[in-house]
Every structure is written in structure tokens, then in C-alpha cells.
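Residue numbers count from 1 along this sequence.
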Amino acid sequence: MSSLDDEKHLDSESDVVRGKTHINEALVADEDREHSLHRELSARQISMIALGGAIGTGLIIGSGTALVRGGPLGIFLGYLFVGFVCYLVMVALGEMCAYLPHKKGFSGYATRFVDPAFGFALGWNYVLKYLIVAPNNINAAGVVVQYWTTKVNLGVWMAVFIVFAFTVNLLGVRVFGELEFWFSSLKIITLIGLLLMGIIIDLGGNPQHDRIGFRYWDHPYGPMGTYLLSRVHNDHLATFLGFWSTLINALFAYIGTEVVGVTVGEARAPRKNIPIAIRQTFVRIVVFYIGGVFVISLTVPSTNEDLFVANSSKAGAAASPFVVATTLAGIKVLNQIINACILIFVLSAANSDLYIGSRTLYGLAVQGQAPRIFARVNRMGVPYPALILCAAFCALAFLNVSEGSSKVFGWFVNLVSTFGAITWMCICYTHIRFMKALKVQGMSRDQLPYKAPFQPFGSWFALVSTGIITLFKGFDDFIPFVTSSFVTAYIGIPAFGLFWIGYKVWYRTSVIPLAQVDLMTGQREIDEDEERYEEMQRAEGPRTILQKIWDAM
């Protein structure tokens with residue numbers, strides 16, 4: 001056979017491989033600029049959107065449940081451990097996003113580096129997460145409003161909140177990004193104020209001039225909780241179960257930080273700005289989450305009956321431990337102000353949820369893994385069919401009208417934490433495959449725009465840790481067995497398996513050999529975008545000190 005025949009034969013084989021793996025370069029490249037998402041988000045907006053989507057009900061409301069069950073020391077250690085796992089997930093994601101920022105979301109990386117079936121399952125898993133987390137935040141907003149009044153039907157509030165979030169998203173990414181930036185800025189200012197307030201209250205700067213110190217870490221309040229003691233009849237086991245429950249709650253709280261991986265499709269100069277956003281977002285979240293739960297543990301006893309507890313709180317209970325802290329300290333009016341700020345918190349999170357959910361569904365449609373109608377965008381770059389579907393699922397929040405806000409909140413927490421945990425595990429495994437492909441193809445990680453630390457052990461540790469927490473997250477549904485809670489705690493696992501296996505069987509895909517993993521397609525387009533952005537920056541002239549401070553926010 002001649003050399004020309006050999007080349008034709010090799011070309012034919014490569015075509016077969018590409019056909020088997022369903023990687024279409026036309027879909028991977030951002031070729032259709034007219035009818036795709038617009039790169040309109042700046043570095044400050046990306047960072048704030050990530051922060052706004054992450055800091056929501058998990059810290060502001062869900063921490064009450066963790067404090068009651070795990071005690072002050074338990075909640076602190078639980079959030080600290082899961083925070084480290086979150087960091088490992090974020091840096092793994094950041095390495096891939098900085099190297100190959102595209103508009104396909106996590107499923108795009110999974111499709112290219114692992115298997116199209118894996119990417120399909122991950123994409124739909126993430127869509128399901130945001131179809132549930134948006135109504136969860138709408139439901140949480142209802143919990144906040146009920147602190148003021150229970151006379152107005154919850155359905156009225158739900159309708160108002162849903163229309164607000166949908167309208168903001170429909171106005172385009174530029175309006176959404178700027179509004180979400182200011183919402184998240186208010187979150188930061190408020191949280192800083194809450195942290196300072198908690199420290200001042202603890203040190204005696206309260207109307208009673210009572211120096212609390214670590215009183216609530218001692219008996220009979222703490223340091224560890226005894227969850228399900230009346231059922232297991234063993235102090236040591238109840239203490240362990242209390243701590244384990246804080247890991248589950250912390251997992252729910254941190255889920256959402258991976259949102260940076262979706263915003264890359266609409267980010268300017270993503271190779272430069274994505275690593276910055278990941279580092280800044282992590283620092284802010286660690287400060288606010290770890291610092292937040294620490295302050296809560298100092299100012300609110302874990303035995304307080306006013307704390308909101310998932311599945312069991314009565315209507316009108318304080319939605320947030322921060323509100324309880326001001327009430328216990330005897331500070332008048334401030335609890336009303338904090339409750340209003342918390343309402344903005346959860347509405348901002350719901351706003352971000354619709355954005356991320358619609359973009360994820362759009363990414364699947366662009367790859368041919370969802371109906372093509374969801375790939376349509378309007379002139380402002382908004383994937384409006386995907387947005388309409390995500391907004392329609394917000395109607396699930398109306399379940400709280402008949403079942404009660406706390407019970408529905410518990411169901412949503414179960415669902416969201418499972419979908420989110422699966423996403424984290426998939427990100428870690430995709431990153432492991434990415435690193436192996438780089439090594440096999442002779443590329444050094446030292447040449448990447450951003451190199452994740454602690455690798456490859458970091459991704460393996462995060463993968464295994466998240467998997468263990470997920471597997472045992474529904475332990476309390478067996479003591480005694482509760483059907484509704486068990487289903488919501490674990491239904492995400494078989495759903496992911498069905499998506500993965502179903503796609504694999506239907507399209508007969510296989511795991512992509514490491515030597516054939518596509519590490520190059522789309523690089524030219526990204527390089528051109530980066531060059532255009534740098535030219536614009538140079539044309540604008542040197543940045544002033546105030547502009548640099550603004551960009552760093």
C-alpha cells in the first residue's frame with residue numbers, strides 16, 4: 001500500500017473515531033457568533049455571579065438545621081472540611097476552564113475528555129439540579145416572608161418572586177450581570193456587617209452587656225449535638241450522626257460555587273479572568289461560610305427553639321440564625337432589617353439559578369444532546385426557550401402551600417445536594433482524565449494558563465470524599481424509614497445512571513482513548529478573542545487606580 005493510501009486509511013480511521021465519540025468540531029467551536037451567547041460578563045461580574053449563586057439558603061437558612069443537629073463545634077468542623085473539598089473541586093474546574101473556555105458548560109468537558117455519554121448524563125444532571133434549586137430558593141423566600149406575616153397566601157408571594165427572576169433574566173446578560181453584581185455586593189456588605197455584629201454581641205456589645213464568649217460551646221448547649229438520640233439510644237452514635245449531618249448540610253451550602261464553569265461562555269478574556277474569579281470567589285466563600293457559621297455558633301445556642309429546622313419548623317419561625325441572634329441579644333428593629341436583606345439574598349440566588357439552568361440547557365442543545373429548540377437565542381443572546389422551561393419548574397415552589405415550607409425545603413435540599421454532589425464528582429473525574437490526556441499526549445501542565453495545586457491527589461480526594469457523603473447522606477431516612485425523604489435523597493443517583501447508560505446504549509459510544517482526547521479544537525477561536533480583548537484594553541490606555549480597585553472587587 002502506498003504512503004498516500006496509508007494516509008487515506010488513517011484519515012478514515014480517525015473519522016470513525018470521531019463518529020463513535022460524537023465530537024463534532026463545528027459544535028465545539030464557537031462558530032456561530034450571531035446566534036449564540038454574548039461574551040458580555042466582566043471579571044467582577046463573573047466573580048459576583050459565582051458568589052451570588054453560592055451564598056444563599058445553605059448558609060443563611062440551612063445553617064440553622066446544621067447547628068441544631070451538629071452543635072457549635074460540629075457545624076464549624078463540618079463546614080471547614082467540606083469547604084476544603086469545595087476548594088479542590090474549584091481549582092480542578094479552573095484548570096480546565098482557563099485552558100479551554102467554551103460555551104458548553106461542564107458537559108462539554110466531560111464529552112471531550114471522557115465520553116459523550118458521560119457528558120450527556122452530567123449535562124442533564126446539572127439541568128435537573130437547577131430545575132430544582134430555583135424553586136428551592138423561591139420557597140426559601142416564602143419562609144423569609146412568613147417571619148413577617150402568615151396572613152397573605154404563600155402562592156401570591158411565589159408568583160411575584162417567579163415573575164421577578166424571569167423578567168431579569170429575559171433582559172439579557174448585560175442587565176442580568178450588572179444587577180447581580182449589585183445584589184451580590186449587597187450580600188457582601190450585609191455579611192460583613194453580620195459577622196461584625198456577631199462578634200460584637202459575643203464580646204458583650206449588646207443591650208444586656210452580657211459577654212457570651214464560648215458559653216454556647218459548653219454543656220448543656222454544646223460542643224457537639226446529639227442527633228436522633230431518642231431513636232438510636234447511644235450518646236456516641238448520636239454525636240457522630242450529628243456531625244455527619246453537618247457535612248450533608250455543608251455540601252448543600254457550598255454547591256453552586258462551580259457556577260464559574262458555566263459563566264465562561266459569556267466571559268471576556270476568560271483565560272485571564274476565570275482563574276482570578278475562582279481564587280477570589282473561594283476566598284470570599286471561605287471567609288463568609290467558615291466565619292459565618294463560627295459567629296452563629298457563638299451567638300445562638302443549638303438548643304434554641306426559634307431556629308429554622310428543615311422538615312419540622314412551624315410557619316413564622318425565623319428563617320435565619322442571624323435573625324435569632326439579634327432577637328436573643330435584645331436588639332430591636334435590626335432583626336427586621338436583616339430579614340429584608342436575607343430576602344434579597346435568596347431572590348438573588350433564584351435569579352442566578354435561572355441564568356445557570358437556562359445556559360446549561362442551551363449548552364446541551366448546541367451539542368445535540370437536547371431538543372434544538374433550546375439552542376435558540378434572541379437578539380440579546382438570551383436562550384429564551386430554555387429560560388421559559390426553567391421558569392416553569394419554579395411552579396414546584398407552590399408545593400409549600402399544601403405541605404408546609406419547612407418540609408418542602410427539606411425535600412429540595414435532598415434533591416439539590418444529590419445533583420450537586422454528582423456534578424462535583426463528575427468535574428473531578430473529568431479533570432483526572434484531562435490531566436492523564438495531557439501526559440499521554442506529551443503536554444506539560446506547567447504550560448497551562450492556570451495550574452491547579454495538590455494534583456492529581458486533590459481531585460481524587462474530592463471525588464472519594466464527595467462520593468462517601470453522597471452515599472450516606474440519607475441515613476436519617478432509615479430511622480425510621482420515610483419514603484418521601486428517601487426518594488428525594490437518592491433519586492438523583494439512578495437518574496444519572498439512566499442518562500449515562502441510555503445514551504451509551506442508544507449511540508453505542510465508548511470511553512475516548514487518552515491519546516485521542518481532543519485537547520486542541522477551539523483554541524484558535526479563544527486565542528483570537530483574547531487578542532481582540534487585549535487590543536481593546538491597550539486602546540483604552542492605562543487603568544487608573546480607581547479602575548484597578550473596581551476591577552478587583
Side-chain angles (χ1 to χ4, degrees), residues 23 25 28-30 43 46-47 50 83-106 108-115 118-119 257-258 260-265 267-283 286 424-465 511-535 537-538 551-552:
I23 297 178
E25 293 189 2
V28 175
D30 295 329
I46 296 169
S47 181
F84 177 65
V85 174
C86 175
Y87 168 72
L88 296 175
V89 174
M90 287 293 289
V91 296
L93 177 61
E95 181 169 295
M96 294 186 292
C97 288
Y99 174 72
L100 190 69
H102 58 56
K103 301 180 181 181
K104 310 304 185 297
F106 313 119
Y109 297 119
T111 296
R112 290 183 65 162
F113 304 150
V114 184
D115 176 13
F118 189 71
T257 55
E258 74 286 340
V260 172
V262 182
T263 62
V264 295
R268 292 197 294 261
R271 285 181 176 163
K272 174 184 177 182
N273 291 329
I274 291 300
I276 294 174
I278 286 177
R279 286 193 293 265
Q280 291 178 344
T281 300
F282 168 75
V283 171
V286 166
W424 280 15
M425 288 187 284
C426 290
I427 290 172
C428 291
Y429 183 66
T430 301
H431 182 242
I432 292 169
R433 288 273 304 176
F434 171 70
M435 290 187 292
K436 288 183 177 180
L438 287 173
K439 184 176 182 180
V440 168
Q441 297 184 27
M443 298 176 64
S444 172
R445 291 179 61 235
D446 294 329
Q447 300 173 353
L448 300 178
Y450 173 72
K451 182 180 178 181
F454 308 120
Q455 301 302 334
F457 308 104
S459 289
W460 278 112
F461 181 80
L463 173 63
V464 174
S465 299
V511 176
I512 305 170
L514 293 174
Q516 297 173 9
V517 168
D518 184 4
L519 296 173
M520 300 306 297
T521 301
Q523 292 284 350
R524 180 174 57 82
E525 291 81 0
I526 298 300
D527 290 339
E528 291 174 354
D529 283 342
E530 295 281 327
E531 290 176 5
R532 281 192 292 268
Y533 179 79
E534 291 296 332
E535 290 176 0
Q537 292 293 97
R538 286 192 293 269
D551 291 339

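When all heavy atoms of C428 and A462 are compared, the pair lying nearest together is SG-CB, 3.6 Å. What you find for R445 and A452 is that their closest heavy atoms are NH2-O, 2.9 Å. The heavy-atom pair separating Q441 from V517 by the smallest distance is NE2-O, 2.8 Å. The two residues G119 and A110 come nearest to each other via the heavy atoms CA-CB, 3.5 Å.
Looking at residues two or more places apart in sequence or on another chain, you find a salt bridge (Lys or Arg N to Asp or Glu O under 4.0 Å) between K451 and D446. With sequence neighbours left out, the side chain to side chain contact (heavy atoms under 4.5 Å, CB included) criterion links V440 to L514, A515.
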Name each donor-acceptor pair under 3.5 Å that joins a side chain in residues 83-93 to protein atoms two or more places apart or in another chain, with its distance.
none

Side chain to side chain contact (heavy atoms under 4.5 Å, CB included) between Y109 and C97, intermediate numbers included: CA-CA 9 Å; Y109 297 119; C97 288; 3.7 Å; yes
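Proximity of a side-chain donor or acceptor of E95 to a complementary backbone N or O of L448 within less than 3.5 Å is not detected. Using a distance-only test at 3.5 Å, with no hydrogens or angles considered, a donor-acceptor pair links the side chain of R433 to the main chain of I512.
Distance check, rounded to the nearest 0.5 Å: CG of L100 to CG of L519 gives 8.5 Å.
For the pair M96 and I427, the minimum side-chain heavy-atom distance is below 4.5 Å.
For the ring pair (Phe, Tyr, Trp, His ring centres under 6.0 Å) condition, the pairs that include at least one residue of residues 428-450, sequence neighbours left out, are Y99-F434, F113-F434, F118-Y429.
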